[in-house]
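Presented below is the structure to which this report refers.
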Protein chains: 2
Amino acid sequence: MTLRHAILGLLSKWDATGYDIKKEFDDFMSIFWHSHLSQIYPELNKLEAEELVTSRLVPQEGKPDRKVYSITNGGIDEITSWVGAPPDIPKIKDSFLMQVFFMDNISADDVIFQLKYYQGVRQKRLDEMKQTVQEAWESIVERQIMTPRLLMSSAVLRRGLEQEVQYIRWCEETIALVEACKSLWDTDTSPDSVLPFNDAKELMENYYNATLALENDEA
Amino acid sequence: MTLRHAILGLLSKWDATGYDIKKEFDDFMSIFWHSHLSQIYPELNKLEAEELVTSRLVPQEGKPDRKVYSITNGGIDEITSWVGAPPDIPKIKDSFLMQVFFMDNISADDVIFQLKYYQGVRQKRLDEMKQTVQEAWESIVERQIMTPRLLMSSAVLRRGLEQEVQYIRWCEETIALVEACKSLWDTDTSPDSVLPFNDAKELMENYYNATLALENDEA
DNA sequence: TCTATCATGTAAAGGGTTACATGATTCC
DNA sequence: GGAATCATGTAACCCTTTACATGATAGA
């Protein structure tokens, strides 16, 4: 039940059509949400039936009419109370991390290939976000204004950026780790095999110590 | 269609019942996946119908029979090819970040309250993971073995930990930012109001410069 | 006594994705 | 000539969540 809040939140800032909302989802809001037009249009109808939004038709030349939605007082109450409500406990689904978890089933070279590929995917996302950050900052400087709205957007944007940067860094580290431990795959590929611990001992000791020390690092 | 791969991946390591699989989802695998028993049981039946797994009943005293599943060669082919297949593009849903995005609708104090609460939620997750890391390392040291399986688990565990550490750090930073910019909310709460840029100028300049410099930091 | 754990499921409702349907304009 | 953009939607399917259903044992 969060799509309705994504829509109401947007409409609390500007009037918009379903099509406009989808563009916003694909642009800035892709940091934390996504949806399809075929889900947005029916949801807008439901919200109108519940009188949380109203709509008016704006005719255009050579294009279909725009159905422009506005939020009602009821809609503002709904979004405000949701924003102040206890957040859901995080339910993470990261299918790439799951692939990695099962990558002992494929060769070390294939593991490295997958990690490099995914690193590239994340880098693309990062590059897009960096452009958004640049534009956001330039617009703030140009207009010489600061508002709670811009502040919260900035914080969210930063979180999105950090997430990409850190995922990319983890890919790099993991590639290095697998590269250094290739012998674990090469010498014996049967699932029951175990290798002398010494081959990877120091490396893994460092890795685990670094992992356990993560919390105490300064940013 | 990833639940089937979560299940097949697990069964490629050990035989298990639906109930066992659920426990694994709630424990280690919660870093990247989750599911309900009411989804796992029907999925296991489907996998058996497709001959990717087989099952046998193991009677118990005073408890219901265990229906223990094993993976077939077909199942191993399926999981292996999925692990080596191009990863999905990441589709992120983070409803808390969405709440934050719309928090200009509530007071600065309420924003800080929400951020502190969520920080606590993430801290709890982190504490659990830290225990898992500790146990994983102790078991590796004790058994004196290293395998691709343990290596990939370690990498995933580290990613999970990093994610929590960094989300918590972002919460702290964002709390400090809102605290420093409280005046943006206090002086005028109407959505059309804009405040003199100077109030937050230097702070935001630093914030944006830090955000843009993120990629170049060394871990 | 009540709650948690073990262990299996079904049914209904809700949320999300893909495919289908239409049709003009603009850009390559 | 073909692809992309603007703009609206419906239908079918798939995936996920919540509620219902059973029943024994162990521990607080």
Side-chain angles (χ1 to χ4, degrees), chain A residues 1-8 10 15-27 29-30 32-50 53 55-69 82 88-95 98, chain B residues 1-8 10-11 14-27 29-30 32-50 53 55-69 82 88-95 98:
Chain A
M1 268 292 230
T2 318
L3 173 64
R4 66 193 301 109
H5 297 118
I7 293 173
L8 288 172
L10 264 189
D15 289 358
T17 67
Y19 199 83
D20 295 336
I21 291 167
K22 168 65 172 160
K23 274 195 294 183
E24 206 60 40
F25 279 10
D26 290 345
D27 189 39
M29 289 172 82
S30 66
F32 55 79
W33 207 255
H34 60 94
S35 188
H36 294 262
L37 278 171
S38 56
Q39 200 184 1
I40 294 165
Y41 287 125
E43 191 64 44
L44 281 166
N45 283 328
K46 269 189 243 169
L47 289 170
E48 192 167 26
E50 293 174 44
V53 303
S55 74
R56 68 199 129 87
L57 283 175
V58 179
Q60 295 188 114
E61 281 171 48
K63 289 179 196 170
D65 293 354
R66 285 166 57 83
K67 199 167 168 188
V68 179
Y69 290 87
W82 179 75
D88 284 345
I89 56 147
K91 285 167 288 176
I92 292 163
K93 290 210 170 173
D94 182 334
S95 67
M98 183 159 119
Chain B
M1 267 291 228
T2 318
L3 172 62
R4 64 193 304 106
H5 298 119
I7 293 173
L8 288 172
L10 263 190
L11 293 178
W14 328 284
D15 290 359
T17 67
Y19 198 83
D20 294 337
I21 291 167
K22 169 64 172 161
K23 273 195 295 184
E24 207 60 40
F25 279 10
D26 290 346
D27 188 37
M29 290 172 79
S30 67
F32 55 81
W33 208 255
H34 60 94
S35 186
H36 294 263
L37 279 171
S38 57
Q39 199 184 1
I40 294 166
Y41 287 126
E43 191 64 44
L44 282 166
N45 283 328
K46 270 189 242 169
L47 290 170
E48 193 168 25
E50 293 174 44
V53 302
S55 73
R56 70 199 127 87
L57 283 175
V58 178
Q60 296 189 114
E61 282 172 47
K63 288 179 196 168
D65 293 354
R66 284 166 59 81
K67 199 169 171 185
V68 179
Y69 289 89
W82 178 74
D88 285 345
I89 56 147
K91 285 168 286 177
I92 292 161
K93 289 208 171 175
D94 181 335
S95 68
M98 183 160 118

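Sequence lines set the chain letters: A, B, ... in the order given, protein chains first and strands last, and positions in each chain run from 1.
One atom, CZ of Arg4(B), and another, P of dT16(D), lie 12 Å apart when rounded to the nearest Å. When the C1' atom of dT17(D) is taken as reference, atom CG of Leu3(A) falls 17 Å away, rounded to whole Å. For the pair Gln39(A) CD and dA11(D) P, the computed distance is 17 Å after rounding to whole Å. Here dG27(D) presents its C1' atom at 14 Å from NZ of Lys63(B), a figure rounded to the nearest Å. If you measure from atom CD of Glu43(B) to atom P of dC14(D), you get 12 Å, rounded to the nearest angstrom. Taking atom OH on Tyr19(B) and atom C1' on dA24(D), their separation rounds to 13 Å, with Å as the unit. Note: CG (Leu37(A)) to C1' (dT5(D)) measures 12 Å, nearest angstrom. As rounded to whole Å, 12 Å separates atom P of dT10(D) from atom NZ of Lys46(A).
The shortest heavy-atom contact between Phe25(B) and His34(B) is CD2-C, 4.2 Å. Contact between Tyr41(B) and Tyr19(B) at its shortest, heavy atoms only, is OH-N, 3.8 Å. Closest of all the heavy-atom pairs between Leu3(B) and Ser35(B) is CD1-OG, 3.7 Å. The two residues Ser55(A) and Glu48(A) make their nearest non-hydrogen contact at OG-OE2, 2.7 Å. Pairing each heavy atom of Leu37(A) with each of Gly18(A), the nearest pair is CD2-O, 3.8 Å.
Looking at heavy atoms from C-beta onward, His5(B) lies out of side-chain contact with Trp33(B) at the 4.5 angstrom threshold. Side chains of Ile7(B) and Val53(B) form no contact here, defined as non-hydrogen atoms less than 4.5 Å apart.
Nearer to the 5' terminus of DNA chain D, by closest-nucleotide assignment, is the contact made by Pro64(A) (compared with the other of Pro42(A) and Pro64(A)).
Distances shown here put every side-chain N or O of His36(B) at or beyond 4.0 Å from the OP1 or OP2 atom of dT16(D).
Note on Lys93(A): only backbone sugar-phosphate atoms sit closer than 4.0 angstrom, heavy atoms only; bases stay farther off. Within 4.0 Å (heavy atoms only), Ser38(A) reaches at least one base atom of the nucleic acid.
At its two ends the helix from dT1(C)-dA28(D) to dC28(C)-dG1(D) runs along axes set 40° apart, each axis drawn from five pairs and the angle rounded to 10°.
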- Message: Lys67(A) vs Thr17(A), test: side chain to side chain contact (heavy atoms under 4.5 Å, CB included). Steps then yes/no.
- Response: CA-CA 6 Å; Lys67(A) 199 167 168 188; Thr17(A) 67; 5.5 Å; no
- Between Trp82(A) and Thr2(A), does a side chain to side chain contact (heavy atoms under 4.5 Å, CB included) hold up when you go through it step by step? CA-CA 9 Å; Trp82(A) 179 75; Thr2(A) 318; 3.6 Å; yes
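For DNA chain C, the contact window with chain B, defined by any atom under 4.0 Å from a protein heavy atom, covers dT5(C) to dG16(C) in 5' to 3' order.
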